[in-house]
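See structure below.
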Amino acid sequence: MKHEKGRSFYIHTFGCQMNQADSAIITAILMDGGFRVAGSQEDADIVILNTCAVRENAVERITHQLQFLRGAKRRKKSLLVGVAGCVPQHLKREMLEMFPVIDFLAGPDTYRNLPALIGDAEEGKRPAALEFRIEETYAGIDPFREVGVGAFVPVTRGCNNMCAFCVVPFTRGRERSQPFSAVMDEVRRVVEKGYGEITLLGQNVNSYADPEGGRDFASLLRAVSREAPGCRIRFTTSHPKDISPDLVDAIADSPNICNHVHLPVQSGSSRMLHRMNRGHGIDEYLETVALLRRRIPGVSLTTDLIAGFCGEEDEDHEATLALLREVRYDNAFMFYYSPRFGTAAWKTLADTVPLAVKKQRLQEIIDLQLSISAECLQEAVGSVVDVLAESESRRSTEQLMGRTGTNRAVVFDRGGARPGDRVSVLISKASSATLTGVNQGVLPAFYS
Ligand code: SF4
């Protein structure tokens, strides 16, 4: 290889947990290729922006970084700048014309090429590796993770659902699953390294289908739960249409699988769900919610919502508000719709809702959800919860911050506990986003 071994790199990660997991894969690939991790962006010989294209302002957000890097490159001529992930996959080689500061591009399926791409970039070739590789799952790569309490384990990549508003099928390609044996190998490594929480990841994680033995997601989840009895198990993101009764049973029956399901609904109107190509109506969604609540008492539900999708009328918006009141989500990610280039909605549906109306509807959704979230937190006061301590709290070294299995943030007095411990906490107070409690003692490491 022509690249100079030992050059240092820094990855700036944008977007979701999937991108954080990809940055750990990129780091492992580059270290294996002889590069080393820089302590900061300023110290690095190579800076890689690992990007996300899901939100409208994705390009604006990286533009700011690229402008900064243009200045850095003037000061350090040998600095290489790469852009990886969904944005280059979406914008293709045009990105190189838009931003002369960029030296190389790598899409989500070409990270194994990065050492070679950097070599070509050093020769001034400005390479772009943007092809989809349906077979690529990065099986066999041991991701290089930050030291911490939780570890992400990707189990699917890409998505076949083609929701009308979403760029993911165009930036991450068709869905593929990691072989069951590769996931289990990865879980064993994570357990050996002492992590206390494993999050199984995929754009549509619960459509997992083992390419070797045909196991489904419920079967995988049970196996991971048994392999890691001292870890909490989470998963995201689920599609409501792929929540099977067996998956609900797996969560209900396994003490270390968290009682939290992120269940994106997007709209409370079946008419809008049909336009969005979500593959279910609101009645089926509510049946799934009822099943989860029946089988998993105290289950926490969170969701994603889009205000003002193409053709949304006042009654559709009212249906969304009614849904929020009925389901009472713990929390939600809430956005107004903006067309994303290349998606089905961008090609075939008129963006009919004026921006001012979208913003107004979004504000009503946010106001209602915030009040419901606050009530949910208030209801927890007086209960004793099982918290996995993650870090010192920002306010005091005498306090720790952690999360319940239902994914609520809790701050409590440290006592004898350390990050990574399971701690029993009596909740004494609720603010708008956080619970505060009293340490009742460290719990056994194994869930039972
Ligand atoms: S399920 Fe729909 S919203 Fe989620 S990644 Fe796939 S296409 Fe996008």
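Order of appearance sets the numbers: ligands from 1, and atoms from 1 within every ligand. Keep in mind it's a predicted model, so treat the numbers as computed, not measured.
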Pair Tyr111-Tyr138, ring pair (Phe, Tyr, Trp, His ring centres under 6.0 Å): steps then yes or no: CA-CA 9 Å; Tyr111 298 149; Tyr138 296 106; 5.7 Å; yes
Protein N, O or S atoms less than 2.8 Å from atom 6 (Fe) of ligand 1, ignoring waters? Cys159 SG
In chain order, what residues pass the ring pair (Phe, Tyr, Trp, His ring centres under 6.0 Å) check against Phe152, with sequence neighbours excluded? none
Please verify the inter-ring angle class for Phe9 with Phe35; under 30° counts as parallel, over 60° as perpendicular, anything in between as tilted. perpendicular
Going by the order shown, which atoms of ligand 1 are within less than 4.0 Å of some heavy atom of Arg278? 2 (Fe), 3 (S)
Listed by chain and number, what are the ring pair (Phe, Tyr, Trp, His ring centres under 6.0 Å) partners of Phe170, not counting sequence neighbours? none
Mind jotting down which residue pairs meet the salt bridge (charged side-chain N to carboxylate O under 4.0 Å, His left out) criterion with at least one end in residues 150-165? Sequence neighbours excluded, please. Asp22-Arg157
Just by distance, with hydrogens left out, do Asn259 and Thr406 show a side-chain donor and acceptor under 3.5 Å apart? no
